[in-house]
Each structure stands twice: as structure tokens, then as C-alpha cells.
Amino acid sequence: MDTNTALDILWILIAGILVFFMQAGFTLVETGFTRSKNTVNIIMKNIMDFVIGTLGFWLIGYTIMYGDDISNIIGNPSLFFDKADEMHSLFFQTVFCATSATIVSGAIAERTKFSTYLIFSLMMTVLIYPISGHWVWQGDGWLTDLGFIDFAGSSVVHMVGGCAAIIAAKLVGPRIGKYINGKSAAIPGHNLLYGALGVFILWLGWFGFNGGSQLAFSGDSANAVAGIIITTNIAAAAGGLAALVVTWLQFGKPDISMTLNGILGGLVGITAGTAAVSPEGALAIGLICGVVVVYAIEFIDKKLKIDDPVGAISVHGVCGGLGTILVGVFAKEGGLIYGGGFHLLGVQTIGVAAIAAWALSISFVVLYILKKTIGLRVSAKEEIDGLDEHEHGISAYNQ
Amino acid sequence: MDTNTALDILWILIAGILVFFMQAGFTLVETGFTRSKNTVNIIMKNIMDFVIGTLGFWLIGYTIMYGDDISNIIGNPSLFFDKADEMHSLFFQTVFCATSATIVSGAIAERTKFSTYLIFSLMMTVLIYPISGHWVWQGDGWLTDLGFIDFAGSSVVHMVGGCAAIIAAKLVGPRIGKYINGKSAAIPGHNLLYGALGVFILWLGWFGFNGGSQLAFSGDSANAVAGIIITTNIAAAAGGLAALVVTWLQFGKPDISMTLNGILGGLVGITAGTAAVSPEGALAIGLICGVVVVYAIEFIDKKLKIDDPVGAISVHGVCGGLGTILVGVFAKEGGLIYGGGFHLLGVQTIGVAAIAAWALSISFVVLYILKKTIGLRVSAKEEIDGLDEHEHGISAYNQ
Amino acid sequence: MDTNTALDILWILIAGILVFFMQAGFTLVETGFTRSKNTVNIIMKNIMDFVIGTLGFWLIGYTIMYGDDISNIIGNPSLFFDKADEMHSLFFQTVFCATSATIVSGAIAERTKFSTYLIFSLMMTVLIYPISGHWVWQGDGWLTDLGFIDFAGSSVVHMVGGCAAIIAAKLVGPRIGKYINGKSAAIPGHNLLYGALGVFILWLGWFGFNGGSQLAFSGDSANAVAGIIITTNIAAAAGGLAALVVTWLQFGKPDISMTLNGILGGLVGITAGTAAVSPEGALAIGLICGVVVVYAIEFIDKKLKIDDPVGAISVHGVCGGLGTILVGVFAKEGGLIYGGGFHLLGVQTIGVAAIAAWALSISFVVLYILKKTIGLRVSAKEEIDGLDEHEHGISAYNQ
Amino acid sequence: MKKIEAIIRKSKFGEVKNALHQIEVNFFSYWDVTGVGNEKEGHVYRGISYSTSDIQRRFLSIVVSDAFLDRTVQVILKSAYTGEVGDGKIFVSDVSEAYRIRTGERDEISLK
Amino acid sequence: MKKIEAIIRKSKFGEVKNALHQIEVNFFSYWDVTGVGNEKEGHVYRGISYSTSDIQRRFLSIVVSDAFLDRTVQVILKSAYTGEVGDGKIFVSDVSEAYRIRTGERDEISLK
Amino acid sequence: MKKIEAIIRKSKFGEVKNALHQIEVNFFSYWDVTGVGNEKEGHVYRGISYSTSDIQRRFLSIVVSDAFLDRTVQVILKSAYTGEVGDGKIFVSDVSEAYRIRTGERDEISLK
Ligand SMILES: Nc1ncnc2c1ncn2[C@@H]1O[C@H](COP(=O)(O)OP(=O)(O)O)[C@@H](O)[C@H]1O
Ligand SMILES: Nc1ncnc2c1ncn2[C@@H]1O[C@H](COP(=O)(O)OP(=O)(O)O)[C@@H](O)[C@H]1O
Ligand SMILES: Nc1ncnc2c1ncn2[C@@H]1O[C@H](COP(=O)(O)OP(=O)(O)O)[C@@H](O)[C@H]1O
């Protein structure tokens, strides 16, 4: 193998390792933003996510996504993927897939049956995620043909997770005590330091998430990756700043949980266009997502009355879709403000709509069946006592 | 230096940095699985492990292991290793050595004298670990000559640590309150989130541990490393899945601490054969280790009545040995199920037996002397009050 | 781009990502070493640091530091840095700048106004740090011309942070209850595990901090980086060991918080000379800094009566300056003990004095103005109740 | 004046609190305790099944005027009830003096 | 002998403790409780503004001889005072027996 | 009925609990408190040596029928004893009413 190819593989593997670590970040964020009586359950869901993702994606998910194209819609599935010279790719795609699955976990935390969750997680891994992924990233998918840009997965990974999350959170219903006489109550997370550490780890992992999606490092890719890391970092910072300022002005205090969500919103938002926009564009996308995430959380919580303990729907669903569409505005080539007209913007919107339609409808079908069969939700007693005691027989914190 | 060599060194350094981070993972796992009154002590042991490992291995350990061979048994020792073009190797081997030493810490947690532990840790670093390591990895050792395969150290690192751990745990005796009328009591860990975060960090570090052991990246090594990362990841997932299923069936609840141990068991088990087996082989090894670790923990706890608070003996000792032997079954070249006959299996078994014999006997000698001289154990009062108060004069958690 | 250049950029980016993660380390150390009622505030300061650093350094700080030289004093500022082939450099320098800013946060923890802190953090980013940085690292600065060696920033990053910290801690005054009848009281940190995890993460990041400062990896740089990682690691270990021994002898118990500070002291100390000294030199520097940090903390606390909850002034300020000067003693080329005479030692001392003078005086001016205008400190009531309740309206820990 | 000490299930706290508010008992203090009693809880940890009678509970301390005693006790008896072993206990004892720190008011008047 | 139970602001604990030491009340136990009362605390969490009357407080339990009762109560009334809603309460009740475990000493003598 | 409040060393809790079980006192509640008293604990933090009289203790609250009072006190006195300063205290006071929430049973019968 020539040195350039080895260099490319090295970067993809390292980036994949960074993305792997995001699982720890998600675990921390979800744990920190929920109550201590459900900590074991949240940990278990996040771990098993990745376990199922690893096995399921290798078993069949990878080829559904990246196998030879069938009618621009789906890859040709084959079992136990085993091409020795694509192992780095299998790894990188596996950690992406697991990210998408894990997003749902936060939105339905503190009330969902563990066994049901595991089954849904498997469906994400082998069905929901790979199919829309194929449309965009396999090379022959119909969205690729249209010219749709989702560089690292604002839509393919995050919005798909966010769409599954909103369906799941709606079907499973709000936590007991969340809506009292139709008014939304605050249920503060039990350890905001865990939340913050989780966000730092996610931010770290995102350099691999976006940078690795270049899928190369040699030649011109080196500068491209450096540029991606800068746009990623600027958007994250801008998202955090925007959320801080908005909450400070609106509630009189700089709100930590919103600031953290703002950072994540900025990261999700830049993911689609990270390679296509300038640092200034990244600043704009980050600021927009940081503001939007605050209002989206309020809207979903207070108007839609969907109970999303960690804000996963807003962060991943809303900012994922929005970030993808904004590529049509800020892309240096083809973006609206660079004189590219409305073409790219249109394509981006179509792509977002199509992926969202797929993810929403298939999630609904799968979850509705699960609801009617084994059920989505634990009993009220289990929920009030905490899932840790009943589902796992141990509490996370002892003497 | 040519680019390929630089690329190799880059990978080795990055892998070493990842392995370094495993120290934090061990600290978190051990802390989380024990009681809060001993947290400072556990942190200090894990930190000083690495401090001693760094200094001792550089001082003399490295040359005992990798120095010019003397009778296929030991390297030619020299002080203050200082070859400018082997510094990447010194670093990579140092972090490995520290891993081996740190394993013992968990098995004897909550009751061992700090000063004694430091001395033993030094002996691990400059004596116990480097000698058996020399047999396998220096190139001229007698096990290398036999054709023994332990790619990244299931035996050399983990089983050696596990063997020292069982001797130490036996000699130091169980914690007060662990066996009441001969029945094993549960002493739950004080923070399972720390345990889980630790496992994530260890899993992360293991990509460096196994992948870095290729000791190269250029040319064909790139695909080899990618393959290693896949087998590592699959075995970890399989180990976690197996432990989850076993505990769910057996105790009626999916047990978090066993699932975490199952993941570690899978990782330890695959370490020897990570480069030699296929993904399917990794799946098998992971599943086997995930099941075995559950029963090994029960056996050691309930039958042998050896008190190992974190399961280090089972995870590192048992799965380390087992994983090494299983290379004889699953190795694509020479493995039993690939028609390779019993030769490799025999060699693997001999190697495991020899290394275990060395580690068990030398650990016994060292620890027995320590027991009879300065003593292994704190007083009952110190143990009941917690080591933090008496050994370090401060508790880990305050207002 | 040729492969060697790509390799260089790869290393710089990876090193930068590691340094980024140090922000999480600082957050954990500062949180762990302070009281739980101020946790949200500390998290917010550390996050906003990095947010401001990212935006401010890109906006103008980078060119003030690295822009075309004006009279050997300052770079030629220009807005919104956007050179496509220097993005890796912008990233690497941004994370360095944020490190310098974040040091101050710890020294003034638990009593400082959040809004004031944000303004000061911006001043660090766009004014204080870049100017002295220019003198040493831009290539045409007056200290570069003198032959001053500060390879990775013992002075440029850490001592500058430490100088700002001492001024800030002095001007903001001690925490209520810290000095009772002129006697210093102990205010133990609320979670030493966080502190330890933070130190592990900082140690991890330091491999990128020092290793990345080679700013290349191809050719001879590979071995140079490996050597840097070894000297970094040895100095850290030596610092921890020295602090452990000193506290054990002096207070009768091995003190965890001093041991952790010793490690950080060793890391800060080696940063200037990491590429210039031998492993033995690193050992010496680490040991010296580990001893000095213990006494410096005592001196600042008990004699100067400056309240520095995390020891930032001693770790970063004292060890930063000391480590830089010690290059004049231990540098293999030009160092005193290698027969290089007093020239280098003199240059190092001048450099340290100049940078300290700059950082102390400009920090004083900025902070004095802030004190007289919007004020540095929260009200006594806010401080006693905790900053989390009043500044952020939420406590970090809930049920 | 009487002090009512109620040891209840944590999961029933919300109901008890609402019920108290409904009869205008708006002042009390509570904290978490471990209770030892008839109830046993089964756990499994690392392959060891064990049952413990040390169970997390919430302890409420409420000082009321004599006139309020009965209805307060009744309301707790009702709202903390599940009927399963482990519902907890209520203890009543005398309080001889009471003060509101803010005003210095004494006894019954300090409880309003 | 009397048991004094004082529920005070956490931020006033230092002052109360010093004041108690000054009148030589050097023995007591304390823990953190949540208090429900007149005081309300405003919070914002994720865009939801809410106010809670569940506030962190410190609970002091002090057993004193009858002779010490008055001055102890007075000292707490004074040192825990801020004048704002939420200063807390003091309750006094009878204690019939007291023992020092170390010596087996009983009643008043065990309190010295 | 009597309420026994015992403030003991955390490290003695296991023994006390076993001793109570042996005389069939199987019902009580406990929580962790900080005790201020004669005992001093030396600490060093970051080079500052200090000694504190604020020490972690366990607080047991046990309501028993009058008949059980003596033996319960005796058993605690014995099992919590080390002889060193800081063993703790036992306080006894009257309880006028007791209820078992599960059954509504009152007074002595609710304590069985
Ligand atoms: N005599 C007692 N003194 C103090 N606390 C008690 C006493 N009896 C019961 N409790 C508390 O009440 C809780 C519930 O009692 P338990 O015996 O489990 O159920 P039940 O009252 O339904 O029989 C116990 O866990 C304990 O906290
Ligand atoms: N009747 C009571 N029983 C037990 N605790 C009480 C009672 N009344 C007040 N408290 C405690 O005292 C605290 C302060 O009381 P609050 O009504 O807020 O202020 P104030 O006493 O100034 O009116 C409460 O949070 C609660 O912990
Ligand atoms: N008068 C009191 N009121 C409440 N608690 C007390 C009282 N006296 C002692 N205690 C508790 O008992 C503990 C032990 O008392 P201490 O004076 O240290 O030891 P000893 O009883 O052996 O002299 C104290 O830490 C405190 O928790």
C-alpha cells in the first residue's frame, strides 16, 4: 500500500476512535440531565446501543447502506461483512451508526422499557439508519444524484436520530409529573457536571466525526480537514455563545443546560456543511442553531408537550435539518448568499424532507408495533421508584 | 527518516497515548466498584502505579525486557534507557507495563497498606512483568522460539496482572464483612457511573493497546491495524452482550456490573489473537469470555472465597489465559477449527502455563516477604473507618 | 501537497485535539478542588473561556500574535483569519490560547462575578496572551532574536496565565472564611475524584501540548516528538513522586491534592525545555518542580495570604517561570551543567522577567479598571449561598 | 404543640406533600433516611443475590398546633398508603416551645 | 433536659456555630434537610421558570440541661437571624434520659 | 412509648445493628449526620494542618414500647462502645402516639 493511502486510513481510524468516544459523551449528557434513580438504566441503554450497533452493522447494516446499489434506494445486503481492505471503513461507519441510534435514548429516558429499547435500537442499526444513509453516502443513491450535500451527517445521522426520537417520545408519553394541569414542570438533571463533561467529550469526538468524513488525509485533504476542524470548532463556540446570550437576556441568568445544548446544536448544525462553508459561514450557522435550539426546546416542551429530558429532538432533529438546509445558504459554491441562487437550497430542502419523511414514518411503524405488542413503557410504580431498582435491581449510587 | 517510518512512529505514539489514558479508566472502574470511603486511596494507588511504572521501566525495566537476550530468558539490563531512536518504543512499552501493574490494585482494594502496595508495584515494573514479557516479545525469548502467539498481551500483560492479583488478594484476605458465616455478601460499588465511564475509556484505550501492537502502520500494516480494531471492537461488544444475556437469564435482571465486566473480558480475551482471527473468530472469543467472566467471578467469590472487589482476577487473569489459548482454536493460520490441528493449541497452552507459573510464584515470593516484614494489610479500625481517613487524612467527597 | 507535509499537519491537528481536551481537564480539576455550591459557575467559566478563545483568537488574536512582525513587538492585526493553508495552525494556536485564559479561572474561583470574568477572558485572548506570545514564537520577536527557549510555553502559556492569576486573586481578595484571624483555613475540595480525573486528562492532553509544539512530524521530527513525549512523561511522574514524598515526610500522610499538583507542576516545568533536555534532565526538572510547587502553595497561601483554591499560581506561574529558567541549566546544548556557561541561563532569566513583567502589569491595568467599574466580586450573600444559586439559578447536583 | 414524624416511601412523597398542602399544612422539613423494618428488597450484585431490609425512605418532621394534629395524621395515613409491607410509620410527640427566627414569635403563633 | 431542634439557613450555619461555642454549647449534631415553608426560590431550568418552596436548610439537634435552654435559644434566635422570610424555626421538647456511651454516664452529667 | 435517639460512630453501626436484631429490635430508621463534640480529628489539606470537631456520625431513631426501653439502651451502650472520646450519645424522649400506615394500627401494637 502506498504511503498516502496508509495516511488516509490512519486518519479514518483515529477519527473513528474519537467518534467511538462520543458514546461516553452521550452517556454522560443523558445521565447528567436526568434523575439519579434512572442512572443505571441510562448507562445500560447507551452501552447496549453500541454493542448492538457494532454487531448489527457488521452483520448486515453496513451492506444495506454501502452494498452495491439497488435502484438508488438500498444496498445489496450480505451477511458478516469481511473485506480485509475495507475494515477501516466498516469501523468508521459503525461508530456513526451507533451515534444515530443513541440519540433516541435521551429523548425517552426515565420511562421506557429496557427490552423494547434494545429491539428498537437494533431496528435503527439494520434498517432505519442504513437506508436513508444509502441515499446520500453510498455514491449511487438518489439524493447523491440530485446533488444533495450532507458532508458528515447533519441529516443522515443526527436528524434521523432526532426524528426517531420525536416519534418515540410522543408514543411513549411524558414522564409522570412532567405536565401538571397542562403546565410543563421543570425536572432538573441530577448532575450537571456529568452533563458538561459529556459535552466536552462530544465536542472532542466531533473533530473526528466531521474531520474523518473527509475519508482521506493525503494531498489536498490535509488542508480540507484542517478547515473542517476550524468550521466545526467555530460553530460549536458560536452555538454556545448564542444560547448563553439568549437565555441571559430572556431569563436573566446565563443558563448552563441551554448553553450546553447550544454548543451541541452548533455542532449538529455545522456537520452537513462543515467542508462547504467558510469560517464566517460556520459562525452564522452556529449562531442560528444556538438561538433556534433554545426556542425549539421551549416549543417542543411547552407547545407540543412532548417530554424530551435532554433536548435530543431539538439538538439533533431540528438543528440537523436546519443545518442541512443552511448549506444551501452558506455553501461557498452554490450557496444563496454567494450568488448561487436557489437551486442548492431547493435540493437541500428536498433531501431533508425526504430523509425526515422516511425516518418519521418508519420509526412510527416500528414503534407502534412495539407499543401494541410488548409495550413501550414501564409501569407507573417502576417509573416512580426509578428504573434502576426494578429493571436492574441496583442503584447507581451507594455508600 | 523516510515517511513510512515516521508514519509508523506516529501511530505507535498515538496508540501509546491512548493506552496511557487507560490509567484513568482503571481508576474510574476501581473507584466506582468500591466504597466511597476508600476513593482517595484508590486514586493514589492508580496514580502512583503509573508514576512508578514510568520511572522504573525507564530506569531498568525496559532493558530487562527488551535488552539483548541472555539465554532466551532475560534481557541484558542497563540503566536510564536513552536511545534517541527508540523513544517511541520506550513510551509504548511503559504504558503497557503500567497497565499490568495497575490490575493488582483493584483486586486488593479497600484493605491494603499504601506503602506496601507501592513496593509491590515497583516489583511488578522492574521484575515480574519484564521477564515473562521478554520470553514473548523481545524476539529471542524461548516462547517466541516455540511459536507462541500473544499479539498484544492477553497473557503478557493481563494474565500476569491477574496472577499477581489472585496471589495478592488471597494473601491480604477478604475485606471485613465480605464473608459472613462463610457466605459471600454483596458490597455494592459506590458509583456505577464512574465504573461505566471507566469502561468506555478502557474500550477507547484498547484500540491503541491492540492496534498499536502492530508496531507499524505503513504498507500492509494499515489494513492489518484496521482489522485489529474491528476484531477488538466486535469481541468487546460480544463480551458485553454475552454477560448481559447470562445475567438476565440467570438473575432475572440485566446486571450492569457484569455487563461491564463482560466487555472487559471480551477485550482482554481478544488481545492475544486480535491480529490472527477473523471477525467471526472475534465474535466467538468475545462471547466465550463474556460468559466465562460471569461464572469465574462467581466461582472465585463463592467457591474460592477470594475477595476481588472489581473482578480483576476473572477479567484479566481468567480471560487473559483463556483468550491466549483460544488463539489455538480460532487463529486463521494454524487454528484448530481452520484445520491447523493441535500444534498451535498446545504451544499456546504451554505458554500460558509457563507465564502463569512465573507470575504466580514470583508474586507469591514477593508478597509473602512483604507480608512477613512490613505487612500487607491496614488495621481493622483503619479498614472500617476507611483508608482515606487514616492513610491520607482526607475524604474524597466534601461539601 | 506532499506526504510529509500532510503527515505534519495530521500530527498538529491530532495534538491540537488533545490540547482541546485539556479544557475538560481544567474544568474537572477546578470543580473538584472547590465546593459543590459553585460547580455550575466553574463549568460555565471554563466553557465560555474556550468559546471566547475560539472566537476571539480567530477574530483578531491570531494575527496579533502571528501576523507580520511590527518592531519585534507585535503582529500586524487583521480580522477574521482565513488562510486556507494555515487552518491547522489557527486551530493549534487557538487551543493554546484558551489554555492560558482558563488558568485564571481556578485562582479566582468561588467569588468572582461571571460577567467580569468573561470580559477578562476576552482580554487574555486578544491582548495579554498574543503579545508576549509574539515575542517568543512568531519568529521575529525580540525574545526569539535573543535566543530565548520556550519550546511549548512554560512561560508563554502557563506563566502568563499564572501571572494574570496572581493579580486577579489578589485584587478579588480571599474567599469569605479563608483567613480567620489571619490564619489560613482549609477549604477542602468537594470531589477529589473529579480532580484526579482532571489531572489524567491534562496529562493526556500534555502529550499533544508538548509533542505538537514540534509543529512537524516528518523526517527527524518523528524521533524528536518521541523524545518530547518521554521527557514530558518523566517530568510529570517525577513531579508527582516528589510532591508525594515531601508531603509524606512533612505532614505524615501522602497528600492527594499536592501529589496531583506536583504532577501538574512537573508538566508545566518541562514544557519549556521538553525538546532541549535529556530524560535525566526531565527527571531533575520534574523533581524540582514537584518540591517547589508544595512550598509555593504554602507560601502563597500562608505568607502572601493570596487565596488560590486550586493552586493555579504555583503550578502555572511559579513552575512555568522556574521551568523556563531551568532550561538554562539542563539544556543539552548551552545548559549550565553541560558546560554551556551562563549565557543561556541569563537569556532565559531575561525572557521570564520580561514576560512576567508584561503579564503582571497589563493584567493589573485591565483588572483594576474592571474592579473600579463593574466590579470583580459577587456580594457576600451570593458567595455564602454559592454562585450557582444566584448567578445561574440552578445547583449542579439534584436528586 | 405536637411534632409529627412520618417515615414514608420516597415514591409516595409527592402525594403526601400535595395532601398536606390541601389541608393547609404548608410548613415542614424532610430528609432521606434508611429504614429498617418488615419490608425486604431483593437485589443482585455481581452474581450475589441478597435481600436487604435497609430501604430508602423519606423522613418528614412537622410541628403543628394541637388543633391540627388529628387531621394531619389522618391525611398522611391516607396519602402515604399503598397497603403493602413497608408503608412506614407516624410518631407523635410533644413540643414545649416553638420560635420563628425571623420574628421571634413564640409557640402557636410561630407555626402559622 | 431539653432537646432544641433548630432549622436554619445553611448560609447562617457558621455564625450560629460560633455563637453556640461562645456560650459553651460545644455539643450538637446537624444534617441537611429540605424545608417547606413561606420562602420561595425562583429558578430557571431549560426555559422553564419555576419557583419552589423546597429549600435547602440545616437541621441542628442540641440536647441541653434545663439551665442552658434559654440562653441557647436566644443565641440561635440572634445568630440565625436575617429578617427575611425563611430564617427558620426553633422547636423545644423534653428529653427524659441521656447517656454518654463512652462512660455510661447518665443525664445532666452526660451533657457536659 | 419512647423514642431513642442514638448518635454513634459510623464504624460501629454494623455491630449496633446486629445487637439490636438480637434483642428483636428490628425496626428503626437511621441517617448520617455531622457531630460536634469532644472528639477532634486531624487533617491535612494542601499543606494546612487543621483539626475539626465536626465528625461524621450515624443517627439512629428507634421508637420502642416502654417495656423495651431499658434493654435497647443497654444494648446500644454496649455495642457502640469503644472507650475512646467520641463514642456518642443516647437520648430518650416520650412519644404520645404511633401509627403503622399500612394497617392504621395505633400505638404499641404498631411497633411490633
Ligand atoms: N420503631 C420504629 N422506630 C423508627 N422507625 C421505624 C420504626 N418502625 C418502623 N420504622 C420505619 O418505618 C419503615 C417501614 O416499616 P416496615 O416495618 O418496613 O413496614 P410496615 O410498617 O408496613 O410493617 C421502616 O423502614 C423504618 O424506616
Ligand atoms: N411547622 C414546621 N415543622 C417543621 N419544620 C418547619 C415548620 N415550619 C417551618 N419549618 C422549617 O423552617 C423553614 C423556614 O420557614 P419559612 O416558613 O420559610 O420562613 P419563616 O419562618 O421566616 O416564615 C422551612 O423551610 C422548614 O424547613
Ligand atoms: N448535647 C448533644 N446534643 C446533640 N448531639 C450531641 C450532644 N452531645 C454529643 N452529641 C453527639 O455525640 C457525638 C459524640 O460526642 P463527643 O463529645 O465527641 O464524645 P463523647 O460523648 O465520647 O465525649 C458528637 O459528635 C455529637 O454528634
Side-chain angles (χ1 to χ4, degrees), chain D residues 1-13 15-16 19 29-40 52-64 66 69-96, chain F residues 1-8 10 13-34 56-66 68-69 72 75-76 79 91-112:
Chain D
M1 295 158 294
K2 301 286 180 191
K3 178 160 72 169
I4 302 169
E5 294 184 319
I7 303 150
I8 62 168
R9 292 179 192 281
K10 281 178 82 167
S11 54
K12 278 286 178 177
F13 178 70
E15 279 174 62
V16 172
S29 306
Y30 62 87
W31 58 94
D32 288 342
V33 306
T34 309
V36 176
N38 284 317
E39 191 182 3
K40 303 252 176 289
T52 174
S53 56
D54 294 38
I55 292 174
Q56 288 301 307
R57 308 226 170 259
R58 192 149 280 173
F59 193 109
L60 276 66
S61 169
I62 318 173
V63 177
V64 295
D66 296 358
L69 176 63
D70 267 3
R71 78 187 90 159
T72 308
V73 169
Q74 290 312 321
V75 138
I76 299 175
L77 278 175
K78 226 171 113 185
S79 57
Y81 176 82
T82 71
E84 281 168 61
V85 173
D87 277 353
K89 293 283 194 307
I90 303 173
F91 302 121
V92 178
S93 54
D94 283 328
V95 167
S96 53
Chain F
M1 293 159 295
K2 299 285 181 191
K3 178 161 74 170
I4 303 170
E5 295 184 319
I7 304 152
I8 62 169
K10 282 178 81 167
F13 178 69
E15 279 175 63
V16 172
K17 192 177 160 188
N18 287 340
L20 287 171
H21 281 322
Q22 247 138 45
I23 57 159
E24 313 254 295
V25 173
N26 294 320
F27 305 90
F28 56 92
S29 306
Y30 63 87
W31 59 94
D32 288 341
V33 307
T34 309
Q56 289 301 308
R57 308 226 171 259
R58 192 150 279 174
F59 193 108
L60 275 66
S61 169
I62 318 174
V63 176
V64 295
S65 59
D66 294 359
F68 262 78
L69 176 63
T72 308
V75 139
I76 300 174
S79 57
F91 301 121
V92 179
S93 54
D94 284 328
V95 167
S96 52
E97 303 171 21
Y99 301 83
R100 165 173 281 131
I101 294 173
R102 171 166 50 98
T103 55
E105 286 162 309
R106 245 193 97 150
D107 297 347
E108 302 255 325
I109 209 169
S110 79
L111 300 177
K112 305 248 163 81

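FYI, side chains are in, hydrogens and waters are out, and symmetry mates aren't considered; it's all heavy atoms of this structure. Computed from a prediction, not measured in an experiment: that's the story for all the values here. Chain letters run A, B, ... following the sequence lines, proteins first, then strands; residues in each count from 1.
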Non-hydrogen side-chain atoms of D:K2 and F:E97 separated by less than 4.5 Å: no
Close side-chain approach of F:H21 to D:V36, heavy-atom, < 4.5 Å: yes
Atom CD1 of F:I109: over 12 foreign heavy atoms under 6.0 Å: no
NZ/D:K40: more than 12 non-hydrogen atoms of other groups inside 6.0 Å: yes
Does any heavy atom of chain F fall under 4.5 Å from the side chain of [X], the backbone, both, or neither of them?
{"X": "D:K3", "value": "side chain"}
{"X": "D:E84", "value": "backbone"}
{"X": "D:L69", "value": "side chain"}
{"X": "D:V85", "value": "both"}

Just verifying a value: how many Å separate [X] [atom1] and [Y] [atom2], rounded to the nearest 0.5 Å?
{"X": "F:R102", "Y": "D:N38", "atom1": "CZ", "atom2": "CG", "answer": "6.0 Å"}
{"X": "F:F13", "Y": "D:T34", "atom1": "CZ", "atom2": "OG1", "answer": "7.5 Å"}
{"X": "F:S61", "Y": "D:K89", "atom1": "OG", "atom2": "NZ", "answer": "12.0 Å"}
{"X": "D:F59", "Y": "F:W31", "atom1": "CZ", "atom2": "CH2", "answer": "4.0 Å"}
{"X": "F:Y99", "Y": "D:Q74", "atom1": "OH", "atom2": "CD", "answer": "6.5 Å"}

Residue, of F:V95, F:V63, F:D94, that accumulates the most heavy atom pairs under 4.5 Å with chain D: F:V63
Distance-minimising heavy-atom pair for D:D87 and F:I101: O-CD1, 3.5 Å
Least distance between heavy atoms, D:F91 atom then F:A98 atom: CD2-CB, 3.6 Å
